[in-house]
Amino acid sequence: MNTVERLILMANQIATNLATDNAPVAAVADHIQQFWDPRMKRLIFAHGTDGLSPVAAAAIGRLADAQNGA
Amino acid sequence: MTYQPQKDFGTPESRSNEAVSLTIDGRNVTVPAGTSVMRAAAEQGTSIPKLCATDSVKSYGSCRLCLVEIDGRKGTPASCTTPVEPGMVVHTQTPHLAKLRKGVMELYISDHPLDCLTCAANGDCELQDQAGAVGLRDVRYDVQATHLGQEKDHSNPYFDFDPSKCIACSRCIRACDEVQGTLALTMEGRGWDSKISAGFASDNFMGSECVSCGACVQACPTATLVEKKVVEVGTPERSVVTTCAYCGVGCTFRAEMRGEQLVRMVPYKDGKANRGHSCVKGRFAWGYAQHQERILKPMIRASISDPWREVEWDEAFAYTASELKRISKKYGRNALGGITSSRCTNEETFLVQKLVRAGFGNNNVDTCARVCHSPTGYGLKTTFGTSAGTQDFDSVEDSDVILIIGANPTDGHPVFASRMKRRLRGQDGRPGAKLIVIDPRRTDIVRSPHIEAQHHLPLRPGTNVAVLSAMAHVIVTEGLTDEAFIRERCDWDEYSHWAEFVSQTRNSPENLQPVTLVDAEELRAAARLYATGGNGAIYYGLGVTEHSQGSSTVMAIANLAMATGNIGRRGVGVNPLRGQNNVQGACDMGSFPHELAGYRHISDGDARRLFEDDWGVTLDPEPGLRIPSMLDAAVDGVFKALYCQGEDILQSDPNTAHVSAGLAAMECVIVHDLFLNETANYAHIFLPGSTFLEKNGTFTNAERRIQPVRKVMTPLNGLEDWEVTQRLAQAMGLDWNYSHPSEIMDEIARLTPTFAGVSFARLDEAGSLQWPVTADAPEGSPIMHVDGFVRGKGKFVVTDYVPTDEKTGPRFPLLLTTGRILSQYNVGAQTRRTENVAWHPEDLLEIHPVDAEDRGLKSGDWVKLASRAGETTLRATVTDRVAPGVVYTTFHHAVTQANVVTTDFSDWATNCPEYKVTAVQISASNGPTEWQEEYEALSTRSRRVEAGIPAE
Ligand code: SF4
Ligand code: SF4
Ligand code: SF4
Ligand code: FES
């Protein structure tokens, strides 16, 4: 498993476990924002949504937008 | 400071609130009701001669030496078995008593070898002292030979048993029963023929149930049971109080010294974590400190294929700093990182994370707690607001129901297990607490002398969340919740959301039984017992955290405790049993890449500013790399240098192949440790470490108790570990000038609100303090969340069961789960270098008889253990402790490398590795695997030290 593959797995795993949250996309985005180092974030933003579950993809999209907007 | 044993009050302390006043030898004394006359006298400073009484066990009244006269009473009652009464007038010294006592002593001495001058306990023997105290000068009886000249039992590696010197006082038996709870000893025969024996008459100590805790040795008034070290070195001459460096119980010991030589470690009665008890590791297994394989000089090499070259400290620091600077310049500051250790002191850990954040200029610092209790941090912070157990150990005395999940306290936390077992057995007419054990294995506590768990739920590994959801389902749907507590203390909306979720039929025990393999009726009964049985306390360990849903399981546990109102008072709570001695401290000290000391997120501007102002640097607001991400980044070629203090990630972290690839890709691996550990095979710089006996500092145990570690001897390597980190920081240009660890603690206190009231001076005064220590709680906080949760309202979090990605299938049909055993410690770097190998010379694979038979295996056979990640070999032991389909092993020995087979699946929230579930296959084997052979060769090559330079 290379690093990006592992990041996809991690993001999906987070999304699955936060699926029962009231606002899953926000919860996943917040979790990744709080715990992933900048390089991990950069790699997953660059990778796009391939292989990501819908919630994970939406959360990462939201984070990437926030980053670009900032 | 001359040697004084700790004062012995003769009988245990009474807990009564009622006071009783009496007169002893003309002086007035007031003591709690229930105190013995002997203890009352001792508290007043009068020592009554005694032999069969000691304050760690209940009195027995057999020696008749402690006789006293009491006005208005006939005869001469034994003071150890006579409780005080109001107005009593006691005489401890009268001519009549003196005569009686002399007579008793004469009898004892007539049957005791008179070789005092050459006896190991000379000067530290109560028989000798008491003979003096009663003024015995000659013996009128012929010296009898009834039980002299018996064979000694040398079988235990740490203590000898010489039955000829035994006075049959039974203190050892009572200590084993009451203090340790193993019930290994019995008395055979009567009167002068009485003989102590371990188990059956034919057993020696090693062959018996004895776990070598040392309680009997401590209780023995003579040299019958005596430490081998005392026989070898002589009796101690001074003592220093310090803290055990092995596990999260944090036992306090008196290090008893002769010059700079450690004679023995004696559990300290005033230690608030252990109350005078110990286990084999802390009591006896400290020989590694002087082991010949310990490295005492710094070493460097350009490449890991080169032999090591010994250098002086100055050169080592200059070289290390230049390498770190070179790498930072070439690859950027984020190419550097550090790992702190849960084995090192708070002060040392704090400095390592400070070096990374302030010196390396990034937040790439992590700790080995990543691989054990990081889910506790996440789960308890989310639900309760802070990352710590809620109780002190004493709290268990008030528990009515004890629920143990994923923990094996008798092996992992033996001294606390003894306390727990005492509560489970019941005492003085009070019935024992009820016990629920949730564990795939039938651990020892499920059934042990006088203890039988009401419910053992042997779940399929990896289904903790499902079991807890089912328990919650029962509690909510059967109306067993504590609604008043929830309404007052928790967020009601979040509770309702959670209650609605767990009530769904899919979460019923019946529905989940096919997944968990736990009998639904049994589970229902267990849930009812926990919810309605009185004070319910949950204790959990790595069997909870080391899963892909580790954090969810911690939150599910917290949910259960909140739903039943089992939080915020004695006897209840949620208690992580920590593995290593300073896991709690390492987490508290800001070792995680996203958190500053005191669990404040690195993105929190106010918290960051506090540190920035104090340290005079700017901190990066983004979280840094965790250990697994450091390794990924290394393999990707962007992470190049690692300072690893007191950790052996190659052996302790999952998927060894991935760890070694990561380490091999780095240009500068700095290992700071006692021994050339497995990680050092990939290191370029080795900085020798100091042992806990050689430094000052503090450890924080599983009950948040900050305890002093005191230097009893000069570091053999020349520097305490905090000095090494400081010198390295100085070489990198940082202006650090600590002259003592107390100054580091002052800085921690200044920057961490929960430590505000902590200082070395306060710790010396109080002995230990449980954080939070604040203006509101200057004496610390034994119980947390008393008037409300740290975060405000308790937060219920919905935790849905998600099966792990690690699945069994035709190729890997069995589930491997891993754990530890009593006599060995973690990766075993220390215990493997002591006589403790007598109990666990190798890692064994436990396998159920059915699975063994299917594969034609029997106990003792070599087997190959293979997973998707790798394979290793070890020997099998066939047992029904494990369920069919489950196999179990420990990871104490480097040759086994159980982590070659563990995968890098991990907890979704914290990346804590999923050690507890690996799909494996097992087959017969006739020797080591290719990996084991290659690794052996690499280790040998990598441990070479350049010839020509004298080793000493
Ligand atoms: S060492 Fe401990 S377990 Fe062994 S006999 Fe003594 S008290 Fe019992
Ligand atoms: S071995 Fe020691 S403690 Fe045990 S009965 Fe004999 S003298 Fe007493
Ligand atoms: S229980 Fe833990 S702290 Fe206590 S002596 Fe044993 S290893 Fe040391
Ligand atoms: S000490 Fe009281 S009878 Fe032995």
Side-chain angles (χ1 to χ4, degrees), chain A, chain B residues 332 334-335 337 362-364 366 374 378 382 465 493-494 497-498 501 548-552 555 592-595 601-604 620-626 628-639 655 658 797-805 903-911:
Chain A
M1 208 180 332
N2 67 32
T3 306
V4 173
E5 285 162 2
R6 200 188 311 278
L7 294 177
I8 295 168
L9 185 97
M10 282 166 64
N12 286 340
Q13 208 188 347
I14 295 165
T16 317
N17 276 280
L18 292 175
T20 42
D21 195 275
N22 281 329
V25 174
V28 174
D30 182 54
H31 187 94
I32 290 176
Q33 176 59 29
Q34 276 200 49
F35 295 103
W36 286 23
D37 99 295
R39 175 171 175 266
M40 291 161 73
K41 290 174 195 157
R42 262 197 324 273
L43 287 174
I44 196 101
F45 296 162
H47 162 80
T49 54
D50 235 25
L52 287 173
S53 72
V55 172
I60 283 160
R62 187 183 291 195
L63 278 178
D65 289 349
Q67 188 116 341
N68 295 334
Chain B
N334 288 328
N362 63 46
N363 292 311
N364 294 336
D366 204 356
S374 51
Y378 182 89
T382 307
V465 172
D493 288 342
E494 282 162 354
H497 180 51
W498 172 80
F501 169 80
S548 63
Q549 281 199 295
S551 294
S552 308
M555 293 189 288
F592 286 127
H594 65 280
E595 249 168 16
H601 200 273
I602 190 76
S603 65
D604 172 348
D620 189 334
E622 283 277 350
L625 293 166
R626 301 168 175 177
S629 342
M630 287 181 197
L631 295 166
D632 289 344
V635 172
D636 293 348
V638 297
F639 186 84
N655 195 350
H658 185 61
V797 178
V798 172
T799 56
D800 196 4
Y801 167 65
V802 179
T804 165
D805 290 319
T903 65
D904 49 14
F905 286 121
S906 65
D907 174 46
W908 66 271
T910 66
N911 287 135

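Residue numbers begin at 1 in each chain, while the letters A, B, ... track the order of the sequences. Scope of the values below: all heavy atoms of this structure, side chains included, with no hydrogens, waters or symmetry mates.
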For the pair B:E595 and A:F35, evaluate side-chain contact (heavy atoms from CB on, under 4.5 Å) and give the outcome as yes or no after the intermediate values.
-> CA-CA 10 Å; B:E595 249 168 16; A:F35 295 103; over 6 Å; no
Between A:D37 and B:R626, is a salt bridge (Lys or Arg N to Asp or Glu O under 4.0 Å) present by the stated rule, with each step listed?
-> CA-CA 8 Å; A:D37 99 295; B:R626 301 168 175 177; over 6 Å; no
What's the verdict on side-chain contact (heavy atoms from CB on, under 4.5 Å) for B:D632 and A:R6, showing C-alpha distance, side-chain angles and the deciding distance?
-> CA-CA 9 Å; B:D632 289 344; A:R6 200 188 311 278; 2.9 Å; yes
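Remark: A:D21 CG to B:H497 NE2 distance equals 7.0 Å, nearest 0.5 Å.
With chain A as the partner, the residue from B:T799, B:T910, B:V638 showing the most heavy-atom pairs under 4.5 Å is B:V638. Contacts with chain A were tallied for B:P628, B:S551, B:A633; B:A633 has the most, counting heavy-atom pairs under 4.5 Å. The residue among A:I14, A:L9, A:N12 with the most heavy atom pairs within less than 4.5 Å of chain B is A:I14.
In this structure, chain A has no heavy atom under 4.5 Å from any part of B:Y801. Only the backbone of B:D907 comes within contact range of chain A, judged by heavy atoms closer than 4.5 Å. If you measure heavy-atom distances from B:Y378 to chain A, the contacts under 4.5 Å come from the side chain alone. For B:F501, the part lying under 4.5 angstrom from a heavy atom of chain A is the side chain only. Interface residue B:V802: only side-chain heavy atoms are found under 4.5 Å from chain A. A:L7 does not touch chain B: none of its heavy atoms, backbone or side chain, sits under 4.5 Å away. Contact of B:S603 with chain A is not made at all, since no heavy-atom distance falls under 4.5 Å.
When side chains are defined from C-beta on, A:R39 does not count as touching B:L625, because their heavy atoms never get closer than 4.5 Å. Side-chain atoms of A:M10 and B:S629, non-hydrogen and from C-beta on, never get closer than 4.5 Å to each other.
In this structure, B:P623 and A:Q33 approach most closely via the heavy-atom pair CG-O, 4.0 Å. Taking all atoms of both residues into account, the shortest heavy-atom contact from B:H594 to A:Q34 is CB-O, 3.6 Å.
Inspection of the A:T20 and B:D800 side chains reveals no N or O donor paired with an N or O acceptor under 3.5 Å.
The backbone N or O of B:S906 lies less than 3.5 Å from a partner atom in the side chain of A:Q13, making a donor-acceptor pair.
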